[in-house]
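Have a look at the structure below, then the notes.
Just so we're clear, the structure is a prediction, and the values are computed from it rather than from any experiment. The sequence lines fix the lettering, A, B, ..., with proteins before strands; numbering per chain opens at 1.
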Number of protein chains: 2
Amino acid sequence: MHDQNINVALKQIQDYFKIAISVDCVIFGYDGKELKVLMIQCNMDPYMGKWSLLGDLVSPDEDLDVAAQRILNERVGFKNLYLEQVKTFGKIGRHPSGRVISVSYYSLVKMSDFIPSTNLPIPAKWWNIYEVEELAFDHRQILDACLDRLRKRVRYNPIGFNLLPKEFTLSQLQNLYEAILNKMLDKRNFRKKITAMGFLTDCHRYQKEVAHRPARLFSFEMKKYNALEASGLIFEL
Amino acid sequence: MHDQNINVALKQIQDYFKIAISVDCVIFGYDGKELKVLMIQCNMDPYMGKWSLLGDLVSPDEDLDVAAQRILNERVGFKNLYLEQVKTFGKIGRHPSGRVISVSYYSLVKMSDFIPSTNLPIPAKWWNIYEVEELAFDHRQILDACLDRLRKRVRYNPIGFNLLPKEFTLSQLQNLYEAILNKMLDKRNFRKKITAMGFLTDCHRYQKEVAHRPARLFSFEMKKYNALEASGLIFEL
DNA sequence: TCAAAAGTGTTAATGATACACCCATGT
DNA sequence: ACATGGGTGTATCATTAACACTTTTGA
């Protein structure tokens with residue numbers, strides 16, 4: 001290959017391939033009280049030390065969704081999480097190292113199953129969603145867009161269960177909705193609505209070792225839900 | 001520059017910059033009866049002759065939204081159209097020339113103002129949304145995603161007016177909603193709802209030269225709507 | 001005078017909201 | 001026995017859905 005070819009190649013790079021693609025994941029969790037988001041500290045100027053979402057470049061032979069799953073798997077050790085693409089951020093100056101267009105996703109994690117790995121390259125921290133500090137890059141915008149989307153989605157799709165343990169009480173479920181929507185709900189109306197939809201399975205088991213009347217445990221099974229949805233059920237909370 | 005540098009450069013290309021970004025626009029229009037979508041014919045194998053959305057590569061110094069506006073302007077001659085980003089499509093094999101990740105947008109055009117330019121590089125055609133043939137690339141998926149989004153958006157945001165002439169009748173507005181939602185609506189209930197929201201301005205003018213009782217003309221002003229929204233109005237149809 | 005779309009209210013059904021007390025357990 | 005959250009039903013209000021006839025114009 002001689003210089004002329006190089007110049008052609010470099011010209012092409014300049015013209016078409018000077019953009020890198022990344023994926024950024026907003027990872028939501030729920031600890032039984034608060035809605036949380038997982039973040040790491042940025043090690044790149046000018047955002048050194050600022051908190052940042054988990055993200056990485058997408059390689060040329062990698063699907064976007066696969067890249068998102070990879071990030072979740074590499075950094076948090078989870079597979080097959082609920083994942084939804086939200087929005088693509090492409091402002092010129094959004095990344096200090098050059099033109100990086102970022103496809104954002106949010107993901108839902110059962111924190112009860114989450115074992116914080118101490119041997120990961122970068123330690124991560126769960127932040128209360130309402131107490132997040134100033135973030136690196138345009139990650140505040142990304143976080144806001146994902147939280148907005150989650151709030152809409154959770155009202156019309158049964159995805160909240162991805163944040164709860166397999167067996168949960170109705171109060172836990174209500175509390176989760178209150179944390180996501182940032183709004184109090186009426187206990188009786190909430191229970192009426194969700195039990196009337198008929199997709200919750202009564203586990204015939206109860207909470208143990210709680211200093212009050214133990215609550216009935218329920219579980220959510222996608223199969224059962226799908227069957228009901230197919231016969232006309234409309235989920236709405 | 002000698003060969004070693006070349007190899008480094010090429011390696012970098014291979015590693016990070018082998019992905020091109022494009023924008024594809026679903027351009028919706030309304031001719032008074034049907035919801036339409038603007039498309040062109042593909043001149044690239046293996047999709048030669050198939051119909052395709054309007055799209056182009058994003059240049060490295062160009063915002064995504066700006067690229068979308070540019071495409072609309074270059075190809076259709078419009079500026080400042082309503083535009084919404086919908087989803088990013090990034091499957092490995094979606095484009096025959098290599099890895100191209102496409103950010104999709106939909107846009108709303110007043111067809112009444114649209115003068116089909118005959119001197120454009122590629123002639124475009126308005127298709128009835130419900131009669132679109134097999135499309136090039138993954139454009140069917142993109143179209144479906146954009147139509148879905150439009151259907152949701154139009155129920156909770158006053159964006160339908162972007163498809164109507166400045167002055168329109170209530171029947172035209174209803175017809176537009178029926179075309180978008182693909183569903184008949186009750187005339188009296190529709191009128192009650194939309195007039196009760198109070199943001200339509202009566203033009204005190206009427207249709208002319210129609211072979212039936214002429215309908216009252218209304219207009220939509222964003223200012224008025226914003227004021228009402230600020231004082232608590234919730235748009236919903 | 002006919003055809004075609006404009007315009008207009010009421011009733012019934014459904015869904016949403018508001019609200020207070022007794023129950024079972026651990027300490 | 002007390003503190004804590006679990007669990008339950010009804011009445012009111014607001015919203016939605018269903019429905020038919022008269023009016024105005026051009027042909």
Given D/dG5, D/dC19, D/dT8, the nucleotide with the shortest approach to the side chain of A/Arg188:
D/dT8
B/Leu237 CG - D/dT16 C1' separation (whole Å):
13 Å
How long is the line joining CD1 of B/Ile234 and C1' of D/dA14, in whole Å?
13 Å
Is the number of heavy atoms from other residues, nucleotides or ligands within 6.0 Å of CD (A/Glu134) greater than 12?
no
Whole-Å distance, B/Phe190 CZ to D/dT15 P, equals 18 Å
Show your working on salt bridge (charged side-chain N to carboxylate O under 4.0 Å, His left out) between A/Asp144 and A/Arg140 and close with a plain yes or no.
CA-CA 6 Å; A/Asp144 289 345; A/Arg140 162 56 69 178; 3.3 Å; yes
Identified side-chain contact (heavy atoms from CB on, under 4.5 Å) counterpart of A/Phe218 within the set A/Thr169, A/Leu170, A/Leu164, A/Thr201
A/Leu170
Nucleic acid contacts - residues 153-161 of chain A versus DNA chain C, non-hydrogen atoms under 4.0 Å:
none
Do A/Lys87's NZ or CZ and the ring of A/Phe89 fall within the cation-pi criteria of under 6.0 Å and 45°?
yes
Which whole-number value in Å describes the distance from B/Arg213 CZ to D/dG26 P?
13 Å
Between B/Phe161 and B/Phe168, does the ring centroid distance fall short of 6.0 Å?
yes
Residue whose closest nucleotide on DNA chain D lies nearer the 5' end, A/Lys187 versus B/Lys193:
A/Lys187
Could you tell me from which nucleotide to which nucleotide of DNA chain C, 5' to 3', there is an atom under 4.0 Å from chain A heavy atoms?
C/dT17 to C/dG26
Atom CG of B/Asp186 and atom P of D/dT16: how far apart are they, to the nearest Å?
13 Å
With sugar-phosphate meaning primed atoms plus P, OP1 and OP2, does B/Arg216 contact a base, only sugar-phosphate, or nothing at under 4.0 Å between heavy atoms?
sugar-phosphate
Can you measure B/Asn189 atom CG to D/dA20 atom P for me and round it to whole angstrom units?
13 Å
Over how many whole Å does the gap from A/Phe168 atom CZ to D/dG6 atom P extend?
14 Å
Taking everything shown except A/Lys91 itself, do over 12 heavy atoms lie less than 6.0 Å from its NZ?
no
Can you tell me if A/Lys224 has over 12 outside heavy atoms packed within less than 6.0 Å of its NZ?
yes
Please test A/Arg153 against A/Tyr82 for side-chain contact (heavy atoms from CB on, under 4.5 Å), starting from the C-alpha separation and ending with a verdict.
CA-CA 12 Å; A/Arg153 183 68 64 199; A/Tyr82 178 83; 4.0 Å; yes
Nearest to side-chain heavy atoms of B/Pro214, which nucleotide of D/dT24, D/dG6, D/dA18
D/dT24
Using a strict cut-off of less than 4.0 Å between a Lys/Arg side-chain nitrogen and an Asp/Glu carboxylate oxygen, indicate whether A/Asp56 and A/Arg70 qualify as a salt bridge.
yes
Return the value, rounded to whole Å, for the distance between atom CG of A/Leu170 and atom P of D/dG6.
9 Å
Check: A/Lys192 side chain, D/dT10 base, donor-acceptor under 3.5 Å:
yes
Can you work out whether B/Glu209 or A/Ala211 has the more 5'-proximal nearest nucleotide on DNA chain D?
A/Ala211
